[in-house]
Student: 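Structure in C-alpha cells, see below.
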Protein chains: 2
Amino acid sequence: MAHPTVEERRLTARGHERRRQLMDFATLRFAERGYHPTSVAEIVQGIGVGKGVFYWYFSSKEELFLEILREAQQALRRAQRQEIGDEPDPLRRIELGIRSSMAWLDEHRHVFNLFQFAATEERFAPALRRGGEVAAADAVRHVKEGIVEGRIRDGDPEVLTNAVLGVTNQLARVFIHERGERGADVADAAVAFCLEGLLAPPSAPPQPAGTSPRAPAG
Amino acid sequence: MAHPTVEERRLTARGHERRRQLMDFATLRFAERGYHPTSVAEIVQGIGVGKGVFYWYFSSKEELFLEILREAQQALRRAQRQEIGDEPDPLRRIELGIRSSMAWLDEHRHVFNLFQFAATEERFAPALRRGGEVAAADAVRHVKEGIVEGRIRDGDPEVLTNAVLGVTNQLARVFIHERGERGADVADAAVAFCLEGLLAPPSAPPQPAGTSPRAPAG
DNA sequence: GGGGGACTTGACCGGTCGGTCAAGGACACC
DNA sequence: GGTGTCCTTGACCGACCGGTCAAGTCCCCC
C-alpha cells in the first residue's frame, strides 16, 4: 500500500505543529463563520499551505470537526476535574464546577458556537451528546450527594443538574461570548442564582411598595 | 416587467396554502437534518412539486429560513403574552412566561434546533438576537418590578432574567426535545428551580448524614 | 371562447465544494 | 550520491447546489 491511513500515520514534531495549526485556525473559522460556510480551501489558504496538507492530517472535513469537538470537551472536563480536586463538600463541588466552566469558556470563547452548531446537525449531535452526558453524570452525582446530606432541596437530580447547566451556559453565552464580560464576575452571578434562585430571603418580609429596593444599609 | 418581485406578489388562497406547505416541510427538514444539508431540491421533492414553485414563493433559501425564524419567534412571543395577560404579580408573570414557553416548545419541538443553529451563523445570528432581545426585555421588566417590590432578591435584572431563560431552554431541550417528556411537568421543575434555587430551605436545619433524604411524612 | 394572471414544470447553468493524486521537495541516515 | 520517509503542492475531478427561465397549465371572469 502506498500510504498508511491518516489515523495510523506517525507524525514528527513538525507534523504535530502543522496539525495544531490547522485545528486552531479551523476552530476559529468554524466559530466565526459556521461549519458549512467555511471551506477546506479557505482553511488551507488561511495558513498558507496547499490543499494536500489538509488531507495529510485529516481524512475529511467532518473528521476534523469531530476531532475539534472531542478535544474541546476533553479540555473543559479536565479543567473542571482539576478545579474540583478532592473537595468533599458536594455544594462546593458544584460551585467549583460552575466557576471552572466559566473560566474555561472565558478563554476559548470561540468553541461556544461549535458546541451549539454540533447539536443541530444529525452527524455531530451524537458525538456532542455522548461527551455532554458523561460530564453531566459527574454533576448529577454531586447533586445526589447534596440531597442525601439535606443540603440541597429534594427533587430529581437530573433536572436540578440540567438547570444548573442551563444557567451556566446561558450566562456564559450572553455575558461572556456576546458582551465580553469577565468570566469570574459572571460565575459569581451564576453561583448565586443556582444556590438561591430568584426569591428574596424570607427573613426579610415583603416590604410595602415604594420602599428602597436596594440593600438597605450599604 | 414580466414578474413582480416575490415580496409584492399577491397570493390566492391556494397560493397561501402552498407557501404554508413549503414552510412547514422545510422547517421539519431543517430541524432534522440541518439547514445546509437540506437542499432546495429535497424540499420541493418532499412535497412533490417542481423547483420553480419554491422560487415563486421565496426569493432564496436564506429568505425562507429567516421567514421561518421570524414566524416562530412571533408565535412564541404571542403565546407568552396571551398566557400572561394582565396578571399584576410580577413573580406570577415570570412563572406564566416559563410555563407558556414550555408549552409552546412542547408543541413545536422541531423549531428548537432552528434557533440553536441560527445563533451559530453570521447571517442569521443578528435576526435571532433582535427577536430574542425584544422578548428578553419584557422579562427584564418583570424582574425589575419584582426587585422593587422586594419579592425578588437584589441583583442585576438582566442576569437574573438570563438565568431564568437558561433554565427554561436547557430543561426544554433535554427533557422535552431529547427525552420527549411532557411540557407541563418540565415547567413545574423549571419554575421551582428558578424561584428557590438549589438550596434546601433553611427552616429545615442540615441533617446529620444518613437520615432519610425524601419527604419525611409522605 | 378568449384573455390574463396565478401558478407549475424541469432542463439547464455557473459556480463551488470536498476530495484525489502524480509529482516534487526537505531532510536524515547510510 | 542513493534511498526512504515525511511532508507539500496545486491542477484536477465528479458531484451537487442554489438559482433561472422559457414554456406550459389551470382557472376565473368577462
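Chain naming here is simple, since letters A, B, ... match the order of the sequence lines and numbering starts at 1 in each. Just so it is clear, the model here is predicted, and its values are computed rather than measured.
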Student: Quickly work out the A:Arg9 CZ to D:dG4 P distance and round it to whole Å.
Tutor: 19 Å
Student: Nearest whole Å is fine: how far is C:dG18 C1' from A:Gln45 CD?
Tutor: 15 Å
Student: Which of residues 18-28 of chain B sit near DNA chain D, with a heavy atom under 4.0 Å from it?
Tutor: none
Student: Just jot down the salt bridge (Lys or Arg N to Asp or Glu O under 4.0 Å) partners of A:Arg81, sequence neighbours excluded, or say none.
Tutor: none
Student: With a 3.5 Å cut-off and sequence neighbours excluded, list the donor-acceptor pairs that the side chains of residues 117-126 of chain B form with protein atoms.
Tutor:
{"residue": "B:Thr120", "atom": "OG1", "partner": "B:Phe117", "partner atom": "O", "Å": "2.7"}
{"residue": "B:Glu121", "atom": "OE1", "partner": "B:His36", "partner atom": "NE2", "Å": "3.4"}
{"residue": "B:Glu121", "atom": "OE2", "partner": "B:His36", "partner atom": "NE2", "Å": "2.6"}
{"residue": "B:Arg123", "atom": "NH1", "partner": "B:Glu62", "partner atom": "OE1", "Å": "2.9"}

Student: Are any of the side-chain nitrogens in B:Glu95 or B:Arg99 under 4.0 Å away from the carboxylate oxygens of its partner?
Tutor: yes
Student: What integer distance in Å separates A:Arg10:CZ from D:dG4:C1'?
Tutor: 14 Å
Student: Could you run down the sub-3.5 Å N/O contacts of the protein with nucleotides 26-30 of chain D?
Tutor:
none

Student: Five pairs per end, C1' atoms only: what is the angle between the end axes of the helix from C:dG1-D:dC30 to C:dG24-D:dC7, to 10 degrees?
Tutor: 10°
Student: Applying salt bridge (Lys or Arg N to Asp or Glu O under 4.0 Å), name anything that partners A:Arg179, two or more places apart in sequence or on another chain.
Tutor: B:Glu158
Student: Please tabulate, one pair per line, all N/O donor-acceptor pairs under 3.5 Å involving side-chain atoms of residues 190-199 of chain A, not counting sequence neighbours.
Tutor:
none

Student: Pick the nucleotide of DNA chain D nearest each of A:Leu11 and B:Glu62; which residue has the one closer to the 5' end?
Tutor: A:Leu11
Student: Please enumerate all residues that pass salt bridge (Lys or Arg N to Asp or Glu O under 4.0 Å) together with B:Asp24, with sequence neighbours excluded.
Tutor: B:Arg20
Student: Between A:Trp56 and D:dC7, is there a side-chain N or O to OP1/OP2 distance below 4.0 Å?
Tutor: yes
Student: List for me each residue that meets salt bridge (Lys or Arg N to Asp or Glu O under 4.0 Å) alongside B:Arg19, sequence neighbours excluded, and say none if there are none.
Tutor: B:Glu67
Student: Return the 5'-most residue of the pair B:Thr12, A:Ser59 with respect to DNA chain C, ranking by each residue's nearest nucleotide.
Tutor: B:Thr12
Student: I'd like to know if the side chain of A:Arg9 and the backbone of A:Trp56 have a donor-acceptor N/O pair within less than 3.5 Å.
Tutor: yes
Student: With a 4.5 Å limit on heavy-atom distance, are the side chains of B:Leu66 and B:Phe58 in contact?
Tutor: no
Student: Can you tell me the distance, in whole Å, between the CD1 atom of A:Ile47 and the C1' atom of D:dT9?
Tutor: 14 Å
Student: Quick check against the 3.5 Å criterion: does A:Gln170 have a side-chain atom that pairs as donor or acceptor with the backbone of B:Val167?
Tutor: no
Student: Without decimals, in angstroms, what is the distance between A:Phe58 CZ and C:dG19 P?
Tutor: 13 Å
Student: Can you tell me if B:Arg93 uses its side chain to pair, donor with acceptor, with the backbone of B:Pro88 under 3.5 Å?
Tutor: yes
Student: Rounded to the nearest Å, what distance is computed from the CZ atom of residue B:Phe54 to the P atom of nucleotide D:dT20?
Tutor: 11 Å
Student: Quick one: ring-ring contact (aromatic ring centres under 6.0 Å, His included) partners of A:His16, sequence neighbours excluded?
Tutor: none
Student: Could you list the residues that satisfy side chain to side chain donor-acceptor pair (under 3.5 Å) with A:Arg33, not counting sequence neighbours?
Tutor: A:Glu42
Student: In whole Å, I'd like the distance from the CD atom of A:Glu17 to the C1' atom of D:dC7.
Tutor: 13 Å
Student: Scan nucleotides 11-18 of chain D against the protein and return all N/O pairs shorter than 3.5 Å with their distances rounded to 0.1 Å.
Tutor:
{"residue": "D:dG18", "atom": "OP1", "partner": "B:Lys61", "partner atom": "NZ", "Å": "2.6"}
{"residue": "D:dG18", "atom": "OP2", "partner": "B:Val40", "partner atom": "N", "Å": "2.9"}
{"residue": "D:dG18", "atom": "N7", "partner": "B:Lys51", "partner atom": "NZ", "Å": "3.1"}

Student: Give a yes-or-no answer on whether the side chains of B:Gln80 and B:Arg77 include a donor-acceptor pair shorter than 3.5 Å.
Tutor: no
Student: What is the nucleic acid contact for B:Tyr57, judged by heavy atoms within less than 4.0 Å: base, sugar-phosphate only, or nothing?
Tutor: sugar-phosphate
